[in-house]
Structure formats: C-alpha cells, structure tokens
Amino acid sequence: MTDTQPDDSGYHPQTIETKWRERWKDRRTNEPDLDGAERPFYNLMMFPYPSAEGLHVGNLFAFTGADVFGRFKRMQGFQVFEPIGFDAFGIHSENFALKVGKHPAQLIPSNIANFTRQLTRMGGMFAWEHVLSTTDPTYYKWTQWLFLQLLKRGLAYKKKGAVNWCPNDKTVLSNEQVVGGHCERCGALVEQRVLEQWYFRITDFADRLLANLDDPTRMDWSDTTVLAQKNWLGRSEGAEVRFAVTGADGVEIPVYTTRPDTLFGATFLVLAPEHPLVSQLTSASERAQVEAYRAQAGAKDLVSRKVGDKEKTGVALGSVATNPATGQPIPIWIADYVLMDYGTGAIMAVPGHDERDFAFATRYALPIVRVVAEAGGTAEAPLHEAFGDVDSGTMVHSGQFDGMAPLDAKTAITRWLEAKGHGKGTVQYRLYDWCISRQRYWGPPIPIIYCDACGAVPVPEDQLPVVLPEIDDFRPDDSGISPLARHSEWYHVPCPTCGKQGRRETDVSDTFLDSAWYYLRYPSSEFNDRPFDAARTRKWLPVNSYIGGNEHAVLHLLYSRFITMVLHDAKMLDFDEPFRTFRAHGLIVKDGAKMSKSKGNVVVPDDYIDKWGADTFRTYLMFLGPFQDGGDFRDSGISGPRRFLDKIWDLVTLSSHPDCRDAEIRREVLVKWHQTKKKVAEEISHLRYNTAIAALMELLNVLREQNCAEPGLVGEMVQMIAPFAPHFAEECWERLGHTTSVFDSQWPGFDEALTVEDSVVIAVQVNGKTRGTVTLPRDAGEGDALKAAQADAAIGKHLEGKEFRKVIWVPGRLLNLVVG
RNA sequence: GCUCGGGUGGCGGAAUGGCAGACGCAGGGGUCUUAAACACCCCAGGGGGAAACCCCGUGCGGGUUCGAGUCCCGCCCUGAGCACCA
C-alpha cells in the first residue's frame with residue numbers, strides 16, 4: 001500500500017460503518033416483504049463456495065457490482081430481494097478438508113462464518129433471513145427430490161460408458177468440466193474410464209436451449225455468454241447418408257456430414273474404432289490387424305485421442321461400400337480421429353475438401369477428388385459427371401436437377417438423397433448428456449436403492465433426505481467406487497418396493513446440480529415441506545437481474561436453464577427460463593493471472609477495508625474501470641475515491657450553514673446538477689459504474705469551485721453516491737436531517753429542460769481542422785456562428801483571401817468551413 | 001485452426017461520426033507549516049516557439065467523409081473461449 005491515510009478530520013468510516021450495519025440488521029432494512037411486495041425485484045448474484053481463505057478482492061468486486069445495482073433499483077421504487085448463500089458441497093471443500101486432515105462437516109461452518117462476516121462488512125444489501133447452504137439437509141433434501149423428478153420423467157438414466165476420469169480428484173467429470181483434455185478444477189490430465197453413471201437428458205432440450213437464447217421476451221443476456229452457450233450447444237445442419245455395404249445384404253453404414261454437397265468426392269468411409277459394426281465388417285484377412293488397432297486405440301486416454309498429436313492413423317477393414325452418388329465402391333476404414341460420441345460415429349471421408357481426411361488419404365494413398373469449386377480452386381470432377389452435362393454450380397442453382405426449384409447444392413443433394421432413400425437432412429448438436437455421478441463423499445447421495453428383484457428403485461419422496469453419513473474415511477481412491485461404498489451399515493437397506501435386502505447408490509451428485517436450482521429456493525427458504533412455494537415463486541421469479549462470472553457460461557448457466565425447463569414442463573413453474581437478464585462481470589486479475597492460492601496472488605480485501613473503510617473500497621473497485629471488463633488489481637489510486645467521499649462529507653457539514661441554506665443556485669450549477677442526475681442514472685442502469693462515479697466527481701468539482709452547498713442539492717448528491725458508499729450515504733443522509741433510510745428515498749429525478757446550457761461553445765473548423773471556438777446562445781443559427789467565426793482573429797486568419805466552398809453546420813456543436 | 005473481445009498520455013481509463021485524453025492516480029511548481037504530512041491553487045500528450053500560435057498524435061497500411069479513436073478493406077500484436085465435432 002503506497003497511499004497514506006488522511007488525517008482524522010470528520011469522516012470516520014469504521015465508526016459509521018459499524019453503526020449502520022447494526023441499524024440495518026435491527027430495523028430489518030434489507031428484508032423485503034416477500035408476500036406483500038408490490039414491485040418485486042429479484043437481484044441475484046452467483047453464490048460463493050466458502051473457501052478457507054475467505055473472500056478475495058475478485059469476489060468482492062463481483063458482489064459489490066451486483067449490490068450497487070440492487071440498491072439503485074431499490075431507490076427507483078422496487079422492493080429488492082437480494083439473497084446470498086453458500087455453494088458448500090463439492091470437491092473444493094472436500095480436498096481442502098483432506099489436506100488439513102479435518103472433516104468437511106467441521107470446516108464448512110467456520111468458513112461460512114468467515115464469509116458471512118466479510119459479506120456483512122462489505123455492506124451488501126443481503127436478505128440474511130433467507131441465507132442457504134447447499135450442504136444443509138433441508139436444502140439437499142430437495143436436490144435429491146429434483147433428481148427423482150427427472151427420473152420420473154425419463155430424463156435421468158444410468159449408462160455404462162466411457163467417461164472422463166480425473167486421476168487427481170479420483171472422480172468422473174462432465175464434459176463441461178474437461179477443458180482442453182485437463183480437469184477444469186485441478187488441471188490434471190483427464191483419462192478415459194468405463195463406468196456406470198447417472199446422466200440427465202439435457203440433449204433432449206438442445207433445440208429449446210438454443211432457440212430461447214434468441215428470444216428477447218425470455219432472455220436478455222450478455223452477448224459473450226449467449227455466444228459461449230451457442231458454441232457449446234454446437235448446432236450444425238447437415239445430412240445423414242447411408243452407405244450400403246457391398247456383399248452384406250441390407251447392411252448400411254449411416255454417416256453424418258455437414259457437407260452433403262461433397263458426396264461425389266467421398267472416396268472412403270471411416271468408422272470410430274469402437275463402432276459396433278466394425279467386427280461385422282472386418283474381413284478374415286484383416287482381423288488380426290484390426291483387433292490390434294482397436295485395442296491400441298481403446299487404451300489411449302482422452303488426451304492423446306482428442307488433443308494429442310494430430311497424426312492420423314487407421315486400418316482398412318477389408319470391406320467396401322457404395323457411394324450412392326457415384327455408384328463407385330469405396331473402402332471402409334477405422335481411425336481414431338473419428339469419435340464415436342458425435343454424429344453416427346462414422347464419416348464419409350472427402351479428402352478433396354476436408355483437411356483431416358486429406359491428411360489421412362495422403363498417408364494411406366487413398367484417392368483424392370475435388371468436386372466443388374471453392375475459392376481459388378476448381379473442381380476436378382464436377383457434379384456433371386454424375387448428373388449429366390450440366391455444370392455443377394449452375395446445375396443446382398438453375399434447378400435442372402430432378403425438376404427442383406432453385407436451391408443451393410447442399411439442399412439439392414439432401415433432397416436427392418431423401419428421394420432415393422439414401423439419407424436425410426439432420427441437425428446435430430455438440431452437446432452431451434450431463435453426467436451427474438461423482439465417486440466422492442462430499443455431496444448429496446443419489447437417492448436410489450438397488451434391488452436384485454426390482455432393479456434401481458427411487459427412494460420414496462417421503463423418505464428424503466438420504467442423509468450423508470459422517471464418516472472418517474472419506475478419502476477417495478482409485479477404484480472408481482465412492483467412499484460411501486465402504487460402509488455397508490449405511491448402504492444396506494431394505495428395498496422400498498419388495499422389502500428384501502437392497503443397496504443404496506453410493507455415488508453422490510455433481511455440485512452443479514446443487515447450484516442449478518438455488519435461485520428457486522431463496523424466496524421460499526423457510527418452507528420445509530416444499531422445495532419452492534408456488535405463490536412466492538410467482539411473485540419473485542424469473543430472476544430480474546443476475547450478475548456473475550462468465551466462467552459459468554456453459555456450466556451453471558446452462559444446467560440452470562435445463563432444470564427450469566424440466567420443472568416448467570412438469571407444470572411446477574410457469575416460466576421456462578430462470579434468468580430474465582444476465583450480465584457477465586469482468587474478472588479481476590492480479591499481475592495478469594486469475595487470483596488463486598496456488599499462484600500466490602490472492603489479494604484479501606480485509607486490510608483495505610480496515611484502512612480505508614468498506615465504502616471507499618467499494619467505490620474504488622467500481623471506479624477502476626468498466627464493471628463488465630474487469631482488469632488488473634492495483635491499489636495505487638485508492639486515495640482518490642477516499643478524497644472524494646471526504647469532500648462530500650465536508651459539503652454535508654457545510655450545507656447546514658445558513659448562508660448555504662439560503663443561497664441561490666447559479667444557472668451554471670443548476671445545469672450541471674441536472675445533467676449529472678441524468679447521466680448517473682443512465683450509467684448505473686447500464687452497469688457503467690466508473691463513468692457514473694466520474695460524473696459525480698465532476699459535479700462535486702463544480703460545487704466546490706462555485707462555493708455551493710445548497711442542502712437540497714447536497715442531499716441528492718448523497719443519494720446518488722449511496723449505491724456505492726451505502727454506510728457513508730446513510731450517515732450523511734441522517735446528518736442532513738432525514739429520519740428514514742436513504743435507501744427508502746426516491747432516486748432524484750431531473751428536468752430535461754435544465755440539462756441544456758444557455759450558451760454553447762461551438763468548435764470552428766477550417767477544412768476540417770479545428771481553429772478555434774466561439775461561444776453563442778443555445779439557439780444560435782448558422783449565420784450567427786459564421787459571423788462570430790469571421791470576427792474571431794485566430795479563425796479569420798485562416799479564411800483570409802479564401803473562398804467558401806461549403807459550410808457544415810452542426811447546431812450547438814460545430815461549424816466547419818470548407819474553403820479554397 | 002475456428003469464434004469472440006481489446007490495442008488511446010507515465011498509469012487506470014473517458015469520448016451519439018463533430019474541440020481526443022473527461023474523471024482519477026502518479027508527477028512538477030507554488031501557498032500554508034519551524035519542518036513534514038494533510039489541505040488548497042497552478043502546470044502537465046509529443047515537438048517547435050519568448051509569445052501569439054504552428055506541426056505531429058488513438059497498433060500498422062489503405063479507403064469512405066466537409067470531418068474518423070469511432071465506419072469499410074487488408075495486416076500486426078494481445079487477451080479469452082472452443083478445438084480431430086466430420
């Protein structure tokens with residue numbers, strides 16, 4: 001810290017911040033009437049994971065920005081519900097507990113206590129009476145209930161398959177949690193394992209998840225977040241083409257392609273090594289080689305398979321299929337660059353138009369044919385070879401093909417495939433079903449009981465929650481089996497259906513399931529007989545404003561939307577999108593890197609708050625730069641906002657002086673005042689807090705220059721700084737003689753007519769270069785401006801002996817004289 | 001490789017196509033003080049000039065326009081996300 005604290009004249013943050021925190025609590029200032037509110041506004045921010053290290057500056061930045069918005073909406077006359085809670089289940093907490101040799105159930109309460117202290121101290125407008133923790137049985141009872149609702153509707157299923165396995169965290173990961181082949185959380189290389197897991201059918205909702213993103217009546221989200229979701233959903237349009245296998249009666253290989261127009265150039269087929277038809281299609285002579293290749297590909301982990309070297313290898317199966325367009329026989333291969341879990345697990349290789357196929361064809365000396373003239377190239381074997389003597393491009397565009405209307409090549413060929421029964425147009429998504437099983441301890445047990453007679457039986461809803469037992473040996477191992485599986489006294493239970501000995505599911509659910517519905521719980525947190533109350537939910541949801549980090553663009557935010565859709569379709573909610581508006585805030589980094597304990601660059605806010613006060617620190621963070629950009633944390637400018645608050649304080653003190661009370665406000669000040677009110681409201685509503693604060697600083701500078709401390713004006717100044725510096729504003733407001741909270745006052749309005757100055761400064765340009773300014777009455781016309789410009793010596797100099805060619809007049813702003 | 005952002009003083013950053021650098025930090029000079037801190041006043045993009053004023057200036061090269069940080073085309077650098085998705 002390079003700055004030094006100002007002396008102790010007047011404004012003492014520590015004293016007044018303590019005072020107002022106590023008042024807010026005693027008077028329940030931040031607890032809206034959840035049943036009676038007439039203009040409800042649900043102001044949500046992403047609840048934190050309560051780490052042992054406490055909140056860092058990056059967290060505080062995000063919460064402050066969301067809190068400023070909530071406080072602003074409140075002063076605009078809304079009853080604002082701003083809840084907070086703790087996302088306390090999960091691997092983070094468990095790993096930390098393992099590291100320090102304690103039980104997470106013991107650690108979490110103290111971490112939560114510390115977070116609560118920090119969040120209270122920052123002056124957030126939190127409705128603490130509705131705080132929740134996902135680890136509370138009264139909460140996760142309903143997380144388990146949610147699983148059962150999906151199961152009931154066929155949206156949860158168990159599947160054995162290749163999954164992402166993190167060898168460090170010793171658990172499976174969802175696809176969203178694997179980043180570039182590494183564990184999103186710990187960075188370890190992810191392996192492939194075959195395990196039985198529970199999945200949610202999020203892919204059934206892919207089209208809706210995509211369509212709603214573009215529906216402004218449902219969603220108004222940051223562009224960057226919408227884009228990330230679209231990329232993740234990965235919609236592509238193409239065709240499924242079936243290739244008949246030669247000599248195998250009726251056997252067809254379906255492939256998916258986004259380029260059906262290149263069908264004529266498909267010179268071989270490639271299947272994923274684990275494709276179910278491989279064995280059947282392998283000739284006797286190739287079998288040994290094929291089996292060897294499959295074994296080798298299967299042993300590869302996901303890293304070298306998906307993101308390792310791009311060397312293409314494969315083997316031929318010794319069988320052939322027919323290209324339906326050319327009628328030519330083409331060989332069938334397997335190669336591990338084709339993925340089983342996308343499309344049909346098989347491709348038609350078009351080496352003339354696909355880089356990967358080209359590399360493969362080159363390596364194995366397979367034929368390469370170009371069929372479509374692309375930019376800079378020509379088609380060596382145009383479509384007319386197959387379709388007669390019509391040029392490929394014009395053939396399809398001129399509609400001479402099978403008498404169809406003019407269409408593009410892709411559509412034309414798809415139509416042809418459909419007509420001939422060789423395939424059909426299809427849509428593919430990149431999205432995978434959501435794997436929710438975790439072979440860990442610290443989460444809600446999945447509420448299933450396995451019975452030899454009845455199969456997988458859901459735990460009856462009236463027997464929820466399935467309480468997570470407190471065990472000491474919760475360390476995960478490499479077996480792929482959850483720690484709970486070591487406790488037969490826990491998992492041995494009678495089958496709910498037949499009463500015979502059954503076994504509980506010993507996996508717990510993904511933390512992202514906990515957070516996929518927490519926003520539904522907040523307004524109803526005191527009801528223990530239902531997850532969310534119908535009337536409360538109708539009043540408060542969907543969420544009016546959600547602010548959070550874009551790192552959750554495709555995880556939490558996508559899962560939450562999915563869960564809401566499921567509950568909507570189950571008629572439990574009357575909306576299918578949970579967050580009306582979402583804004584991604586920027587990330588505060590330190591020395592260019594995201595703050596993390598392992599990098600040793602975590603900045604803790606407590607010392608700054610001790611030294612400068614929460615209000616100064618909040619204002620400083622919001623003044624750093626655009627809220628939605630974030631930036632590198634530094635503390636070199638913190639004295640600026642502090643001096644700013646000190647000066648407001650002085651004005652408040654000064655305003656009680658009789659001279660100030662009776663002083664007339666000069667026109668100049670009046671205009672600045674109204675301009676500022678207009679500007680600040682506009683900037684805050686767009687989360688441009690840095691420029692809102694700058695505008696207030698400008699107004700303050702004018703007031704000081706003009707020696708103006710008129711109480712009404714000072715009061716509005718205090719109101720406008722209130723969202724940023726809430727304790728400070730309350731104290732000033734009280735000193736100005738008010739007896740109720742500044743947050744129950746109405747945000748100052750402005751008079752549009754008073755935002756316009758009486759006289760304006762016109763920039764005068766000669767041939768586009770500014771040569772001076774003239775000051776004119778607001779309503780001055782072009783003629784007046786021209787006269788004034790010619791009269792000005794400095795400007796006139798540039799006009800001497802020249803002839804006017806053109807005059808550009810922008811009223812109130814600029815006069816440009818084009819001369820020559 | 002693909003998809004998005006972003007390149008503006010010493011620093012963070014402002015600028016509906018209309019006086020580039022608001023606001024703040026740091027810096028320089030001054031007032032106050034025994035001295036310092038605080039506070040207050042003044043200066044401050046670069047270059048030239050005693051000054052008036054002039055020239056140059058928003059990553060680079062073109063273009064549109066009376067006028068471009070802003071719009072268009074082509075590059076360079078940088079941050080983030082996705083990545084053998086057929």
Side-chain angles (χ1 to χ4, degrees), chain A residues 2-9 179-181 223-224 226-228 230-232 234-236 238 255-259 262 266 270 305-312 335-339 341-350 353-357 359-360 428-432 550-551 553-554 587 589 592 594 620 623-626 629 631-641 643-644 646-647 650 688 690-701 704 761-773 793-794 797 805-810 812-819:
Chain A
T2 51
D3 288 296
T4 47
Q5 196 170 3
D7 69 12
D8 58 357
S9 58
V179 178
D223 293 344
T224 51
V226 169
L227 203 69
K230 285 183 178 176
N231 287 341
W232 191 262
R235 183 182 198 272
S236 70
V255 307
Y256 173 72
T257 177
T258 54
R259 294 290 308 273
T262 63
V270 188
R305 178 80 186 267
K306 285 198 169 176
V307 296
D309 59 46
K310 308 279 169 140
E311 190 76 6
K312 307 275 181 292
D336 68 3
Y337 79 92
V338 175
L339 309 173
D341 49 10
Y342 182 76
T344 62
I347 62 158
M348 61 179 210
V350 186
H353 296 283
D354 183 281
E355 243 180 79
R356 295 152 303 177
D357 297 341
F360 193 79
Q428 277 290 327
Y429 288 91
R430 214 182 60 113
L431 182 71
Y432 297 87
N550 227 1
E551 68 271 21
V554 294
L587 204 63
V589 297
K594 193 175 168 177
Y620 175 64
F623 186 61
L624 270 173
D629 289 0
D632 213 282
F633 181 78
R634 64 203 173 270
D635 56 25
S636 58
I638 193 167
S639 57
R643 289 203 271 255
F644 171 56
D646 280 332
K647 288 171 189 172
D650 291 346
R688 292 190 294 254
N690 57 329
T691 46
I693 294 167
L696 288 170
M697 288 174 167
E698 279 188 59
L699 175 62
L700 179 86
N701 291 343
R704 285 165 60 84
V761 179
I762 307 283
V764 181
Q765 300 184 336
V766 179
N767 290 338
K769 271 190 201 260
T770 304
R771 296 299 183 182
T773 59
K797 193 168 74 179
R805 295 252 169 92
K806 198 171 179 181
V807 177
I808 312 286
W809 168 241
V810 183
R813 302 208 79 146
L814 172 131
L815 181 73
N816 186 10
L817 305 169
V818 184
V819 299

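Chain letters run A, B, ... following the sequence lines, proteins first and then strands; every chain starts at 1. All values derive from a computational prediction rather than experimental measurement.
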Sugar-phosphate or base contact per nucleotide [nucleotides 46-58 of chain B; S, B, -; heavy atom under 4.0 Å]
-------SSSS--
Syn versus anti for B:G9, judged by chi lying within 90° of 0?
syn
Hey, which of these two, A:Gly343 or A:Glu355, hits RNA chain B nearer its 5' end, going by closest nucleotide?
A:Glu355
How are the rings of A:Phe360 and A:Tyr337 set relative to one another: parallel (under 30°), tilted (30 to 60°) or perpendicular (over 60°)?
tilted
What interatomic distance, in whole Å, is found between C1' of B:G27 and the corresponding atom of B:A44?
9 Å
Nucleotide nearest A:Lys806 when distance is taken to its side chain, options B:C84, B:C4, B:C66:
B:C66
Taking only residues two or more places apart in sequence, or in another chain, which ones meet A:Thr344 in a side-chain hydrogen bond (donor to acceptor under 3.5 Å, both in side chains)?
none
Holding to side-chain contact (heavy atoms from CB on, under 4.5 Å), I want the full list of residues that pass it with A:Thr773, two or more places apart in sequence or in another chain.
A:Val761
Contacts of A:Lys230 that satisfy salt bridge (Lys or Arg N to Asp or Glu O under 4.0 Å) - sequence neighbours left out
A:Asp214
How many whole angstroms separate atom CG of A:Asn231 from atom C1' of B:U3?
6 Å
Rounded to whole Å, how long is the line connecting atom CG of A:Leu339 with atom C1' of B:A83?
11 Å
Distance, P atom - from B:G17 to B:G81, rounded to whole angstrom
31 Å
In whole angstrom, give the distance that lies between atom OH of A:Tyr429 and atom P of B:A86.
13 Å
From A:Tyr342 OH over to A:Ile347 CD1, what is the distance, rounded to the nearest 0.5 angstrom?
12.0 Å
What integer distance in Å separates A:Arg430:CZ from B:A83:C1'?
8 Å
For atom CG of A:Asn767 and atom P of B:U65, their distance in whole Å:
16 Å
With sequence neighbours excluded, what pairs up with A:Arg813 under the salt bridge (Lys or Arg N to Asp or Glu O under 4.0 Å) test?
none
Please tabulate the protein-to-nucleotide N/O contacts below 3.5 Å involving nucleotides 14-24 of chain B, giving atom names and distances.
{"residue": "B:A14", "atom": "OP1", "partner": "A:Asn690", "partner atom": "ND2", "Å": "3.1"}
{"residue": "B:U16", "atom": "O4", "partner": "A:Arg813", "partner atom": "NH1", "Å": "3.1"}
{"residue": "B:G18", "atom": "N2", "partner": "A:Gln765", "partner atom": "OE1", "Å": "3.2"}
{"residue": "B:A22", "atom": "O2'", "partner": "A:Glu698", "partner atom": "OE2", "Å": "3.1"}
{"residue": "B:G24", "atom": "OP1", "partner": "A:Asn701", "partner atom": "ND2", "Å": "3.2"}

Output yes when at least one side-chain N/O atom of A:Tyr337 is less than 4.0 Å from OP1 or OP2 of B:A86, else no.
no
Using modelled atom types only, decide if a donor and an acceptor are shared between the side chain of A:Asn690 and the backbone of A:Leu624 within a distance under 3.5 Å.
no
Is there any salt bridge (charged side-chain N to carboxylate O under 4.0 Å, His left out) pair reaching into residues 690-701 of chain A, and which pairs are they, with sequence neighbours excluded?
A:Lys672-A:Glu698
Please report the distance separating the P of B:U58 from the corresponding atom of B:G10, rounded so that it comes out in whole Å.
13 Å
Residues in side-chain hydrogen bond (donor to acceptor under 3.5 Å, both in side chains) with A:Asn550, at least two apart?
A:Thr224, A:Thr225
Salt bridge (Lys or Arg N to Asp or Glu O under 4.0 Å) involving A:Arg771 - partner list, sequence neighbours excluded
none
With sequence neighbours excluded, residues passing side-chain hydrogen bond (donor to acceptor under 3.5 Å, both in side chains) with A:Tyr256:
A:Ser236
Pairwise P distance for B:A20 and B:A68, with rounding to whole Å
11 Å
Inter-residue atom distance A:Trp809.CH2 - A:Asn816.CG, 0.5 Å rounding
12.0 Å
Can you tell me the distance, in whole Å, between the CZ atom of A:Phe644 and the C1' atom of B:C25?
15 Å
Rounded to whole angstrom, note down the P distance from B:C25 over to B:C32.
24 Å
Answer with base, sugar-phosphate or nothing: what part of the nucleic acid does A:Arg704 contact at a heavy-atom distance below 4.0 Å?
sugar-phosphate
A:Tyr620 OH to B:G12 C1', in whole Å, measures 8 Å
What integer number of Å spans the C1' atoms of B:C41 and B:G45?
23 Å
Can you name the residues that form a side-chain contact (heavy atoms from CB on, under 4.5 Å) with A:Ala228, not counting sequence neighbours?
A:Ala553, A:Val554
Between A:Leu587 (CG) and B:G5 (C1'), how many Å, whole number?
14 Å
Strand RNA chain B in bracket notation, Watson-Crick/G-U under 3.5 Å with | for pairs to another chain
(((((((..(((.....[....))).(((((.......))))).((((....))))..(((((..]....))))))))))))....
In whole angstrom, give me the gap between the P atoms of B:U3 and B:U8.
25 Å
Please report the distance separating the P of B:A36 from the corresponding atom of B:G30, rounded so that it comes out in whole Å.
11 Å
